[in-house]
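Inspection log for the structure reproduced underneath, given as structure tokens.
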Amino acid sequence: LRRTRDKISFSYLISFVWCFDLICLGYGLDWLSRRGNALFASLNHGWLTHALMVSGDEAGARHHAAQALRRARRSDLLGASLACRTLALHAAKQGQHAKAERWLKTAQHWANVRESRREQAENIQCEAQLALARGDHARTQALRDAADIAFERLGMPAHHAAAGNALQAA
């Protein structure tokens with residue numbers, strides 16, 4: 001009984017720390033923006049898009065995705081693809097496959113503008129997850145293999161492992 005109680009307490013602690021970190025990131029971003037220091041703001045907006053969507057705050061996630069895309073149009077490109085991938089995966093989970101594909105194409109656009117091979121590989125991984133959500137297992141495997149190769153070529157074993165784990169968990 002004590003072990004179960006400790007596990008529950010630990011999970012609440014982790015949830016609290018996660019929420020506190022999100023709040024701090026949001027306040028920090030607001031603070032920097034008010035002072036005119038928007039350098040790499042899109043990256044923070046991209047992270048917040050992902051984190052808020054994971055935590056269930058869809059409205060907050062959409063707000064930060066819009067901010068990441070607004071910043072991208074001003075040549076601050078770092079968070080645009082992440083925000084778009086997050087929205088693509090969310091749309092796929094809701095069965096909105098056409099919308100998910102549009103968000104993925106937007107993510108691919110920003111990754112290509114940046115000429116970021118890492119983001120291009122992450123987009124392949126995202127595309128595999130979208131194929132899995134549609135039930136297209138053959139396409140999922142082909143895309144998973146392509147993502148594995150792309151991450152291996154980049155020397156990014158953590159991303160390579162994450163690509164496999166994300167698809168196995170789905």
Side-chain angles (χ1 to χ4, degrees), residues 7-8 10-12 14-15 17-19 21-22 25-26 42-73 77-170:
K7 284 182 182 178
I8 292 170
F10 183 73
S11 68
Y12 281 120
I14 295 300
S15 296
V17 169
W18 172 258
C19 290
D21 286 347
L22 286 177
L25 182 58
S42 73
L43 182 59
N44 292 319
H45 286 298
W47 285 340
L48 279 166
T49 300
H50 178 76
L52 290 171
M53 194 64 80
V54 167
S55 70
D57 183 359
E58 184 177 340
R62 290 191 183 286
H63 167 77
H64 285 285
Q67 295 303 312
L69 293 172
R70 182 180 60 80
R71 294 289 309 155
R73 287 188 292 275
L77 306 173
L78 293 176
S81 287
L82 173 58
C84 293
R85 281 191 303 273
T86 299
L87 294 176
L89 291 171
H90 180 70
K93 285 180 185 173
Q94 305 219 330
Q96 300 172 337
H97 301 295
K99 188 176 193 179
E101 291 297 325
R102 285 193 302 272
W103 279 118
L104 177 63
K105 289 206 181 313
T106 305
Q108 290 167 336
H109 164 76
W110 290 115
N112 290 337
V113 169
R114 279 195 66 216
E115 298 178 350
S116 171
R117 293 184 317 168
R118 179 192 53 82
E119 285 189 350
Q120 291 166 351
E122 288 176 350
N123 287 340
I124 295 169
Q125 176 184 336
C126 179
E127 189 175 358
Q129 291 172 303
L130 298 182
L132 185 63
R134 287 190 315 271
D136 188 349
H137 298 288
R139 179 94 174 120
T140 299
Q141 188 58 49
L143 289 165
R144 180 180 177 187
D145 292 344
D148 286 347
I149 291 167
F151 286 126
E152 282 178 20
R153 285 185 179 154
L154 291 170
M156 301 178 79
H159 280 74
H160 172 68
N165 292 340
L167 289 172
Q168 287 172 356

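Just the heavy atoms: all of them, side chains too, but no hydrogens, waters or symmetry mates, feed the values below.
The backbone N or O of Ala107 sits less than 3.5 Å from a side-chain atom of Asn123, completing a donor-acceptor pair. In this structure, the side chain of Ser116 does not engage the main chain of Asn112 through any donor-acceptor pair within 3.5 Å. For Ser42 (side chain) and Ala80 (main-chain N/O), no donor-acceptor pair under 3.5 Å exists by modelled atom type.
Applying the side chain to side chain donor-acceptor pair (under 3.5 Å) rule to Asp145 yields the partners Gln141; only residues at least two apart in sequence or on another chain are considered. With sequence neighbours excluded, the residues that form a side chain to side chain donor-acceptor pair (under 3.5 Å) with Gln67 are Arg70. The side chain to side chain donor-acceptor pair (under 3.5 Å) check on Glu58 picks up Arg62, His90, with sequence neighbours excluded. For Arg153, there are no salt bridge (charged side-chain N to carboxylate O under 4.0 Å, His left out) partners at least two apart in sequence or on another chain. Among residues two or more places apart in sequence or in another chain, the salt bridge (charged side-chain N to carboxylate O under 4.0 Å, His left out) test is passed with Arg117 by none. In terms of the side chain to side chain donor-acceptor pair (under 3.5 Å) criterion, Asp57 has no residue partners (sequence neighbours excluded).
Shortest non-hydrogen contact noted between Ala92 and Ala100 is N-CB, 3.8 Å. When all heavy atoms of Asp136 and Thr140 are compared, the pair lying nearest together is O-OG1, 2.8 Å. Here the shortest heavy-atom pairing between Ala121 and Ala147 reads O-CB, 4.3 Å. Pairing each heavy atom of Leu77 with each of Ala72, the nearest pair is CD2-O, 3.3 Å.
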Working for side chain to side chain contact (heavy atoms under 4.5 Å, CB included), residues Arg134 and Glu101: CA-CA 11 Å; Arg134 287 190 315 271; Glu101 291 297 325; 2.8 Å; yes
Derivation of the side chain to side chain contact (heavy atoms under 4.5 Å, CB included) call for Met53 and Thr49: CA-CA 6 Å; Met53 194 64 80; Thr49 300; 5.6 Å; no
Stepwise side chain to side chain contact (heavy atoms under 4.5 Å, CB included) check, His97 with Leu130: CA-CA 8 Å; His97 301 295; Leu130 298 182; over 6 Å; no
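The CG atom of Leu43 sits 11.5 Å away from the OG atom of Ser81 when rounded to the nearest 0.5 Å. How far CD of Gln108 is from OG1 of Thr106: 9.0 Å, rounded to the nearest 0.5 Å. A distance of 12.0 Å separates CD of Glu119 from SG of Cys126, quoted to the nearest 0.5 Å. Note that CD of Glu127 is 4.5 Å distant from CG of Leu143, once rounded to the nearest 0.5 Å. Between Trp110 atom CH2 and Leu82 atom CG the span is 14.5 Å, to the nearest 0.5 Å.
Contact of the Leu78 side chain with the Arg114 side chain is registered, since non-hydrogen atoms from C-beta on lie closer than 4.5 Å. Considering only heavy atoms from C-beta on, Leu87 stays 4.5 Å or farther from Cys84 through its side chain. Taking the side chain as every heavy atom from C-beta outward, His64 and Trp47 never approach each other to under 4.5 Å. With a 4.5 Å cut-off on side-chain heavy atoms, Trp103 and Leu89 do not count as touching.
Sparse packing is recorded around CZ of Arg139, with 12 or fewer heavy atoms of other residues, nucleotides or ligands lying under 6.0 Å away.
If you run side chain to side chain donor-acceptor pair (under 3.5 Å) between Glu122 and each of Gln125, Gln120, Arg118, only Arg118 comes through.
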